[in-house]
Amino acid sequence: MARAQAPTFQEMIFALQRYWAAEGCAVMQPVDTEVGAGTFHTATTLRSLGPEPWAACYAQPCRRPTDGRYGENPNRLQHYYQFQVLMKPSPRNAQELYLGSLAEIGLDATAHDVRFVEDDWESPTLGAWGLGWEVWIDGMEVTQFTYFQQVGGIECSPVPVEITYGLERLAMYAQDVDSCFDVVWCRDPEGRELTYGDVFHENEREFSTYNFEVADVESLRAHFDDYERECRACLDRGLPLVGYDCALKCSHAFNLLDARGALSQTERMNYILRVRTVAKAACVAWMAASDETKAEVA
Amino acid sequence: METRDFLLEIGSEELPSAPLDAARAQLPKLVSAGLDEAGLAHGEIRVISSPRRLAALVADVAVRTEAQTQRFRGPKLAQAYGADGAPTRAAEGFARSKGVPVEELRVVESKGEKHVAVTVETPAKEATSLLGAIAETVIAQLSWPRSMRWGRTSERYCRPVRWILCLFGGEVIDASFAGIRSGRATWGHRVLAPGRHDVADPSEYLAVLESAYVLDHDARAERIRGQIAALEASQNLVVEAPASTFAEVVNLCEWPTVLAGRFDERFLAVPREIICEAMLSHQRCFPAFDAEGNLSRTFVMVSNGDPAKSEVIAQGNERVVRARLDDAAFFFEEDLKVSMEDWLEDLAQVTFQEKLGTLRQKVSRMEELAAACCRLAGEDDATVEEARRAAHLAKADLVSQAVVEFTSQQGVMGGHYARAAGESEDVALAVAEHYRPRFAGDDLPSGVVGSAVAVADKLDTICGMFAIDEPPTGSKDPFAQRRGAIGVIRLLERMPSVPLRALIDASLDLYRAQGLDFDQADVRRAVADFFIGRLQVMAREEGAQPDVVAAIAHTGVIDPAEFLSRVRALEAARAEREELMDDLAQAYLRATHLADPSLGLDVEREDLEEPELALLTATESAEAEVSAALAEGRFPDALAALAALRAPIDRFFEDVLVMDEDPALRTRRLVLLNRFAHPFEPVADFAALAKAPGA
């Protein structure tokens with residue numbers, strides 16, 4: 001039985017949106033293509049670059065095909081949610097703001113053991129890295145907290161801070177349930193509960209089957225090649241946003257190939273390199289385009 | 001001299017543990033260097049740290065530097081002023097170099113000569129005017145393995161700097177870094193005493209910290225140890241707190257509270273290695289053992305939270321540990337459903353090294369090499385087959401779920417799976433232990449089967465990397481060839497009958513059979529040289545003198561047991577009979593300088609006179625004794641046999657003119673010297689032992 005006073009899954013998202021909106025973040029919606037993490041959203045990757053201030057938050061569904069367990073593991077999902085905050089430049093009180101946000105989702109930091117544990121972050125596919133921590137609550141890793149130093153191979157200046165909440169874990173802890181499928185998504189006025197399992201259990205079963213057993217390797221390889229080509233074509237035509245979208249498609253095709261066990265180590269490294277190359281090219285093109293816009297305005 | 005205490009606290013977001021410890025060592029050096037350079041006398045420097053602060057508390061800093069009066073003598077008077085009485089360029093340059101106007105030059109007389117001179121007064125400087133710059137330099141000079149920028153600043157530090165506390169006595173010293181200005185405030189524990197806490201004077205700093213629920217590093221370590229000891233005593237347990245995890249735990253809290261948690265009994269059925277690993281490396285929790293050494297269900301965690309909330313915090317940790325152990329148990333149980341042969345097939349998909357092929361191919365080579373090693377060690381056929389079998393299974397666990405998750409338990413898990421699959425205990429143990437020795441001082445595999453597999457694994461990697469011309473370099477050794485070589489050396493020390501050169505050949509033959517193309521003679525020589533290099537390093541680390549090590553290395557001996565025992569015997573001989581050995585080495589050097597190897601070794605005994613005859617007789621008997629002693633591994637006896645040559649050679653050099661005018665006589669004596677040097681060669685290079693004359 002979930003703790004009655006704890007917020008539901010959807011209430012947690014509402015609360016985080018309200019909290020960070022009050023701190024000046026634009027509440028965005030998720031990017032509408034498959035991504036492995038909230039970081040891949042243009043509102044994070046591309047907006048981390050360049051001199052203009054930027055602050056945004058959003059919930060992002062993430063797909064990590066290799067993490068699927070057919071809905072049989074209470075802690076592992078191939079599709080899950082992150083709540084992402086990006087603030088550029090990083091404010092002085094970023095940590096305090098974060099700790100304040102925990103109380104809004106039913107986890108008063110003063111009643112728990114909250115720890116910032118070294119975890120330097122690197123995304124080989126985005127050519128990005130930063131320093132920061134994973135945040136532990138009573139030993140459970142619930143958030144990734146990173147000061148980006150480089151994205152798409154480009155130095156970040158000013159430096160953004162990225163805060164990524166693992167929503168399912170936080171909800172499990174706040175609601176005191178042992179399986180993510182038991183997390184209460186919402187309650188209707190009569191108190192009837194809709195659980196995370198009601199919403200996603202079948203999804204986990206089907207997509208795990210697809211990711212591990214069904215996805216057609218040859219088509220995936222072809223998709224990768226097509227989107228890689230498309231990316232370059234778009235960048236050549238001065239369309240960095242579209243090019244970046246294609247890079248995301250490449251990344252997802254690679255993740256599926258990986259889940260299918262279709263890649264040798266060497267091939268895997270090559271694919272990662274290819275994703276990084278197009279992602280970096282898109283970032284560079286986006287920076288160049290925004291410089292041109294400014295030049296025109298001036 | 002009036003003094004006050006100086007305090008610099010750099011407040012930051014949470015610093016990672018290892019870099020923090022490194023910075024704790026740097027800080028006093030930087031502070032001391034800054035104060036010394038400024039000329040400020042000071043007392044002891046104490047470092048205080050927590051995850052969010054790094055501070056130096058300096059006792060008794062002088063309130064001002066000492067005033068100085070310095071007198072400098074310049075050019076001679078005649079060169080200082082021209083005929084017109086105007087100062088020359090020499091005088092102007094001298095004045096400029098001392099920072100005074102040329103008019104201030106005075107004339108002094110020294111040893112009857114007149115010079116221009118100047119007196120420079122350096123007034124005392126107030127510490128308050130110097131300490132700010134020192135503080136700023138210290139902050140900027142702390143070096144970190146990885147540093148970062150934040151916000152809009154361009155300064156770098158390990159994590160964002162959030163406050164600077166800088167006090168000289170009760171006075172705030174103005175300093176700034178990355179847009180932060182210093183003050184007298186420190187920040188308390190995030191939960192127990194959040195916000196700023198003012199420090200009136202450096203002497204109160206530790207008390208203010210403690211009242212703000214922040215303990216210094218050593219106090220935290222002590223508190224954690226004390227609470228663990230109390231828990232061990234009350235529950236009759238032994239807590240395993242490895243130094244590296246303990247160091248991290250100390251740097252993850254400001255106000256530690258040791259708590260005990262429990263996990264379900266069912267996890268006791270899972271191999272304890274992955275249970276402990278899951279708790280230690282993933283959760284920084286310590287496992288505990290009962291009096292009999294069995295893993296207990298109790299584990300220990302260190303909280304940084306409010307002690308009043310310990311129950312909730314312990315429950316939360318128990319949940320996380322349960323989930324971790326669930327994973328571990330799940331992986332183990334799933335792994336048990338798979339046959340090791342299936343994993344071996346999977347190894348055919350895993351690259352060992354791009355040019356050297358897959359792990360499956362490595363396993364095939366290891367089977368042959370382990371069997372060869374066992375055979376050379378004189379083991380019976382059954383043991384040879386066990387080595388082959390253990391090598392066959394050694395790498396299978398690399399694709400098991402448990403090892404993919406708990407990489408450091410590679411081998412150990414394979415041992416469990418082999419045992420579960422009904423393999424013999426020797427084979428299972430060999431699989432479990434074949435990565436040993438994994439670090440300096442690590443145990444070796446407990447049996448000969450495990451040792452043979454361990455040698456095969458490491459030597460295969462080394463030979464392969466040399467065959468593709470990728471030996472380790474100063475900065476690159478991704479396949480840990482150096483560590484591997486040290487492992488092979490330590491293993492073969494225990495198997496003295498196994499000739500390393502034969503194993504290297506066997507390994508290279510296996511690569512050739514696999515279709516790898518390389519120059520076998522070149523690679524064999526390169527691998528042997530690599531081992532000789534490692535042996536020399538190891539011998540020197542044991543404390544042997546470099547010339548002794550070089551003397552043995554020059555003989556080309558690479559079998560570790562023999563190499564190291566020769567070094568030890570030669571060290572001992574020289575320690576016991578230093579003068580004799582030096583003299584012998586000098587004689588050898590003199591003989592080999594004169595000798596002409598092209599003349600050969602054959603002497604007609606009938607032609608000889610004394611003391612030539614005595615030298616030949618002694619040499620012949622030394623030759624016989626040396627070869628017998630070396631064949632039987634009695635190295636000290638070989639040295640003793642050579643030592644017996646001292647008197648005859650000394651007499652020979654004293655009484656005989658080698659370079660006689662008579663060519664026949666000269667040739668005879670040179671041949672005799674060739675012969676004299678001959679028994680030395682297989683023992684050691686005595687030329688390397690000869691001290692330079694006068695040294």
Side-chain angles (χ1 to χ4, degrees), chain A residues 51 53 69 72-76 87-96 99 107-120 129-133 135-141 145-149 155-161 169 172-173 176 178 261 263-269, chain B residues 13-19 51-52 146-154 158-160 162 179-180 190-192 194 248 251-253 257 259 261 282-285 301-306 308-310 312-324 326-327 330 346 349-351 354 358:
Chain A
R69 293 292 183 273
E72 288 164 15
N73 183 307
N75 296 301
R76 294 216 192 198
M87 299 176 103
K88 180 182 72 173
S90 63
R92 270 194 184 187
N93 57 345
Q95 285 183 307
E96 286 73 20
L99 292 172
L107 290 166
D108 179 357
T110 63
H112 295 279
D113 181 15
V114 181
R115 231 75 82 81
F116 290 84
V117 181
E118 172 186 22
D119 190 32
D120 299 341
W129 69 276
L131 299 189
W133 312 270
V135 183
W136 290 10
I137 297 185
D138 301 339
M140 180 166 56
E141 181 198 337
F145 197 116
T146 309
Y147 290 95
F148 285 169
Q149 303 294 300
E155 289 285 304
C156 296
S157 180
V159 171
V161 62
R169 286 220 192 148
M172 284 167 70
Y173 199 58
D176 195 18
D178 286 329
L263 304 177
S264 72
Q265 271 172 327
T266 325
E267 247 188 322
R268 194 169 181 278
M269 283 312 298
Chain B
E13 298 183 2
E14 278 78 352
L15 300 170
S17 174
R52 293 166 66 213
R146 298 183 91 181
S147 62
M148 58 172 282
R149 295 169 293 115
W150 59 94
R152 289 189 180 281
T153 63
S154 54
C158 184
R159 288 293 183 273
R162 291 306 177 207
I180 309 282
R190 283 196 187 279
V191 168
L192 294 166
E248 219 180 327
N251 281 337
L252 269 170
C253 58
T257 307
L259 305 175
H282 292 171
Q283 295 303 133
R284 288 15 166 236
C285 291
M301 66 200 104
V302 178
S303 163
N304 187 42
D306 181 349
K309 305 289 196 289
S310 288
V312 172
I313 293 168
Q315 279 171 4
N317 276 278
E318 282 181 337
R319 276 178 58 155
V320 184
V321 165
R322 191 191 315 143
R324 290 278 186 200
D326 257 334
D327 265 359
F330 173 80
D346 293 345
Q349 305 302 316
V350 183
T351 309
E354 214 164 316
T358 67

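Heavy atoms only: backbone and side chains are in, while hydrogens, waters and symmetry mates are out. These numbers were taken from a predicted model, which means no experiment stands behind them. Lettering follows sequence order; numbering is per chain, from 1.
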**Message:** Taking the basic N atoms (NZ, or NE/NH1/NH2) and the acidic carboxylate oxygens, is any pair closer than 4.0 Å for A:Asp138 and B:Arg319?
**Reply:**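 Judged by the 4.0 Å cut-off on N to carboxylate O distance, A:Asp138 and B:Arg319 do not form a salt bridge.
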
Exercise for review: Could you check which of B:Asp327, B:Val320, B:Asp326 has the highest count of heavy-atom pairs closer than 4.5 Å to chain A?
Suggested key: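 Looking at each option in turn, the highest pair count goes to B:Val320.
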
Most heavy-atom pairs under 4.5 Å with chain A, out of B:Cys253, B:Ser310, B:Pro160, B:Ala323, belong to B:Pro160

Give, as side chain, backbone, both or neither, the part of [X] having an atom under 4.5 angstrom from any heavy atom of chain A.
X	value
B:Asn251	neither
B:Val321	neither
B:Leu192	neither
B:Glu13	both
B:Arg149	both
B:Cys285	neither
B:Arg324	neither

Quick check: do [X] and [Y] have side-chain heavy atoms less than 4.5 Å from each other?
X	Y	result
B:Leu259	B:Ile313	yes
B:Lys309	A:His112	no
A:Glu72	B:Phe330	no

Specify which of [options] makes the most heavy-atom pairs with chain B at under 4.5 Å.
options	value
A:Gly132, A:Ala109, A:Pro91	A:Gly132
A:Cys156, A:Pro74, A:Gly261, A:Ala94	A:Cys156
A:Asn93, A:Asn75, A:Asp178	A:Asp178
A:Thr110, A:Leu131, A:Ile137	A:Leu131

- Task: With side-chain contact (heavy atoms from CB on, under 4.5 Å) as the test, would you mind laying out the steps for A:Trp136 and B:Arg284 before giving the verdict?
- Result: CA-CA 11 Å; A:Trp136 290 10; B:Arg284 288 15 166 236; 3.6 Å; yes

Report which part of [X] has an atom under 4.5 Å of a heavy atom belonging to chain B: side chain, backbone, both, or neither.
X	result
A:Pro160	neither
A:Arg169	neither
A:Ala111	both

### Query
Rounded to the nearest 0.5 Å, how far does CZ of B:Arg159 lie from CZ of A:Phe116?
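Atom-to-atom, A:Phe116:CZ and B:Arg159:CZ are 11.5 Å apart.
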
* Asked: Do we see a donor-acceptor contact under 3.5 Å between the side chains of A:Gln95 and B:Arg190?
  -> yes

Taking A:Arg115 for its side chain and B:Leu252 for its backbone only, find out whether a donor-acceptor pair lies under 3.5 Å.
yes

- prompt: Between A:Ser90 and B:Gly151, is there a donor-acceptor pair closer than 3.5 Å when you use the side chain of the first and the backbone of the second?
  reply: yes

Sorted by chain and number, sequence neighbours left out, side-chain hydrogen bond (donor to acceptor under 3.5 Å, both in side chains) with A:Ser157 holds for none

